[in-house]
Number of protein chains: 2
Amino acid sequence: MLPERFSAKNFDVAHIRSSCATCSLRELCLPVGLNEEEVETLGEVIVNKKKIQRGGYLHRTGTKFQALYAVKSGFLKTCVLEEDGRQQVTGFHMAGELLGLDAISTDMHTCDAVALEDSEVCEIPFSKLEDISRTIPSLMHHFHKIMSREIVRDHGLMLLLGSMKAEERLASFLLNMSRRFAIRGYSETDFNLRMTREEIGSYLGLKLETVSRAFSKLQEDAIIAVNNKHVKILNLERLKLKMGNSSCAT
Amino acid sequence: MLPERFSAKNFDVAHIRSSCATCSLRELCLPVGLNEEEVETLGEVIVNKKKIQRGGYLHRTGTKFQALYAVKSGFLKTCVLEEDGRQQVTGFHMAGELLGLDAISTDMHTCDAVALEDSEVCEIPFSKLEDISRTIPSLMHHFHKIMSREIVRDHGLMLLLGSMKAEERLASFLLNMSRRFAIRGYSETDFNLRMTREEIGSYLGLKLETVSRAFSKLQEDAIIAVNNKHVKILNLERLKLKMGNSSCAT
DNA sequence: CCTTAATATTGATTTTAATCAAAACCGGAT
DNA sequence: ATCCGGTTTTGATTAAAATCAATATTAAGG
């Protein structure tokens, strides 16, 4: 039987192409064997606070892996630059989420991380991680394991994305955003997106006009209410159905 | 600047959705610190030989990770079953390549491995891997690292695939097959594919008719000569151009 | 060898999304 | 408030691939 991991219902499109977008520092460290106290230490003592202005870079592709980052406030995107200069968005990252694990296997960042609005992050320097590794030898190993798991998950998801239509992709995206806002304590059905239609399109493999049309279509069907960047989900169930349909069709 | 890893020229589409398809046992073990002799030991002594008939399963989704497999002869595909029962091909695996690393992060196989023709594999039981891990503690860690690297690579590739047209996808696929045949000592320009058009389509995110048409088109353009499963590449350079065009277009 | 089922090709049509183009809208700066 | 650049929406057209359908080819088994 199909394992849970590969059921479309259990996937969020936003995981696609993102690296550990939804993995909090706590989620990351507790399974390693760090206790609450140690996680606190990581979060409160070791960490350097950093501010990044809208449009500023947290890290650049190809630069050395020097730290993990926990987003404290704001909103960031990760993206890769293709050879022709176009950029492809690989993920969105909101407060409470972790960034930087993309570099864990190569020691080099594989994407740019750009602030979509003024943001604050906590930097956990690699040197500190190494210190912890000495006390908790399995830490880096565990990071690799987490990374593989996350990325295998993404991988499976992209398979599904491949067979989805524009509207279904957008539905998946919105549901993922919804879930992540909910986790962070915001409304599940009423939120502001910080990225442009173009960025959503890049992320989902669609053109901005197609994204816009998909928004309009979902609004027409009274599943959501859109006003520019503000989205209100009117019918969560039907939105989930939208997403599920694709892999059942054909 | 764009790192090598994200340049389309350095990618093979066949890496997409596959797990360590092109990573040989030797390639895998040498960087861990295993010397030639130890690799031989792995390959020659520890290993159980196994035969799988055409259509037979090497491993099933959701089953426990018990061994790595090195393909000795034959041809296999890996695939996941979607909830509606359709299967999605995630990779092809030829003699000399390694299988089973998909399970490394979860201890469960995340896909089925099916023989496309009668095949022989060498099984490296997990228990033996653990034995080696005791002598070489970094082994499993290293496997994780390899796995992350491979899969991050795939990940980047799928980004590219997303913006490719049918013909370009097929070109990438053929080039990858070509390269892998070459590595294993077969002709780079003249080979038999073992999979059906439908399987290629599933792998590339296209319908079988579209794959067939793309084959015909490449033949029309005198870039390849196709006869059913047999492919002869007439103009490698132009085939490479076909592939490169996509990410430069727009 | 012939039969049959699976596979592959090709054509016609429809669906989907990209592209081109114009207008409407919004947010920040003055 | 007004202007302006960037963003969003919507429409018309084109291009690509899916779908439907028919035929041709191949491989496997009797």
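The model shown is predicted, which means the values in this text are computed figures rather than measured ones. Quick note on labels: first sequence line is chain A, next is B, and so on, each numbered from 1. These values consider heavy atoms only, across backbone and side chains, with no hydrogens, waters or symmetry-generated copies.
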Could you pull out all donor-acceptor pairs under 3.5 Å where a side-chain atom in residues 229-237 of chain A meets a protein atom, sequence neighbours excluded?
residue	atom	partner	partner atom	Å
A:His230	NE2	A:Asp190	OD1	2.5
A:Asn235	OD1	A:Glu237	N	3.4
A:Asn235	OD1	A:Arg238	N	3.1

Next on the checklist: If I take atom CG in residue B:Leu218 and atom P in nucleotide C:dA8, what distance separates them, rounded to the nearest angstrom?
Outcome noted: 16 Å
Next on the checklist: With a 4.0 Å limit, can you tell me whether A:Ser212 has a side-chain N or O closer than that to the phosphate oxygens OP1/OP2 of D:dT9?
Outcome noted: yes
Checklist outcome for this item: The correct set of residues in residues 219-233 of chain B placing a heavy atom under 4.0 Å from DNA chain C is B:Asn228, B:Lys229
Item to check | Contacts of type salt bridge (charged side-chain N to carboxylate O under 4.0 Å, His left out), residue A:Glu117, not counting sequence neighbours | outcome: A:Arg194
Item to check | Whole-Å gap separating P (D:dT10) and NZ (A:Lys217) | outcome: 13 Å
Checklist entry - Distance under 6.0 Å and angle within 45° of the ring axis: does A:Arg184 meet both against A:Tyr186? => result no
Checklist entry - With a 4.5 Å heavy-atom cut-off, do B:Leu175 and B:Met243 have their side chains touching? => result yes
Checklist entry - Among D:dA17, D:dA18, D:dT8, which nucleotide sits nearest the side chain of A:Leu208? => result D:dT8
Checklist entry - Taking atom C1' of D:dG29 as reference, at what distance in whole Å does atom CZ of B:Arg54 sit? => result 13 Å
Item to check | Sub-4.5 Å side-chain heavy-atom contact between A:His59 and A:Asp112 | outcome: no
Any N/O pairs under 3.5 Å between the protein and nucleotides 11-13 of chain C? List them or say none.
residue	atom	partner	partner atom	Å
C:dG11	N7	B:Arg213	NH1	3.0
C:dG11	O6	B:Arg213	NH2	2.9
C:dA12	N6	B:Arg213	NH2	3.2

Checklist entry - Between A:Glu123 and A:Lys49, is the closest basic N to carboxylate O distance under 4.0 Å? => result no
Checklist entry - Just how large is the angle between the end axes of the helix from C:dC1-D:dG30 to C:dT30-D:dA1, five pairs per end, to 10 degrees? => result 40°
Item to check | Close side-chain approach of A:Glu199 and A:Phe92, heavy atoms under 4.5 Å | outcome: yes
Checklist entry - Do A:Met94 and A:Phe181 come within less than 4.5 Å of each other through their side chains, counting heavy atoms only? => result yes
Item to check | Interatomic spacing from CD in B:Gln88 to SG in B:Cys79 - rounded to 0.5 Å | outcome: 9.5 Å
Next on the checklist: If you compare every side-chain N and O of A:Ser216 against the phosphate oxygens of D:dT9 (OP1, OP2), does one of them come in below 4.0 Å?
Outcome noted: no
Checklist entry - Expressed in angstrom and rounded to an integer, what is the separation of A:Phe215 atom CZ from D:dT7 atom P? => result 15 Å
Checklist entry - Between B:Lys165 and D:dA17, is there a side-chain N or O to OP1/OP2 distance below 4.0 Å? => result no
Item to check | Test item: A:Leu76 and A:Val114 side chains (from C-beta on) under 4.5 Å apart, heavy atoms | outcome: no
Checklist entry - Looking at the side chain of A:Lys207, which of C:dT9, D:dT10, C:dA18 is the nearest nucleotide? => result C:dA18
Next on the checklist: Taking atom CD as the centre, does B:Gln219 end up with more than 12 heavy-atom neighbours from other residues, nucleotides or ligands that are less than 6.0 angstrom away?
Outcome noted: yes
Next on the checklist: In this structure, how many angstroms lie between the C1' atom of C:dG28 and the CG atom of A:Asp118, rounded?
Outcome noted: 14 Å
Item to check | B:His93 side chain reached by B:Thr78 side chain, heavy atoms, under 4.5 Å | outcome: yes
Next on the checklist: Just to be sure I understand the geometry, which residues of residues 189-200 of chain A put a non-hydrogen atom under 4.0 Å away from DNA chain D?
Outcome noted: A:Thr196, A:Arg197
Next on the checklist: Can you confirm whether A:Leu174 sits close enough to A:Leu239 that some side-chain heavy atom of one is under 4.5 Å from a side-chain heavy atom of the other?
Outcome noted: yes
Item to check | Cationic N near anionic O, under 4.0 Å, A:Glu167 to A:Lys242 | outcome: yes
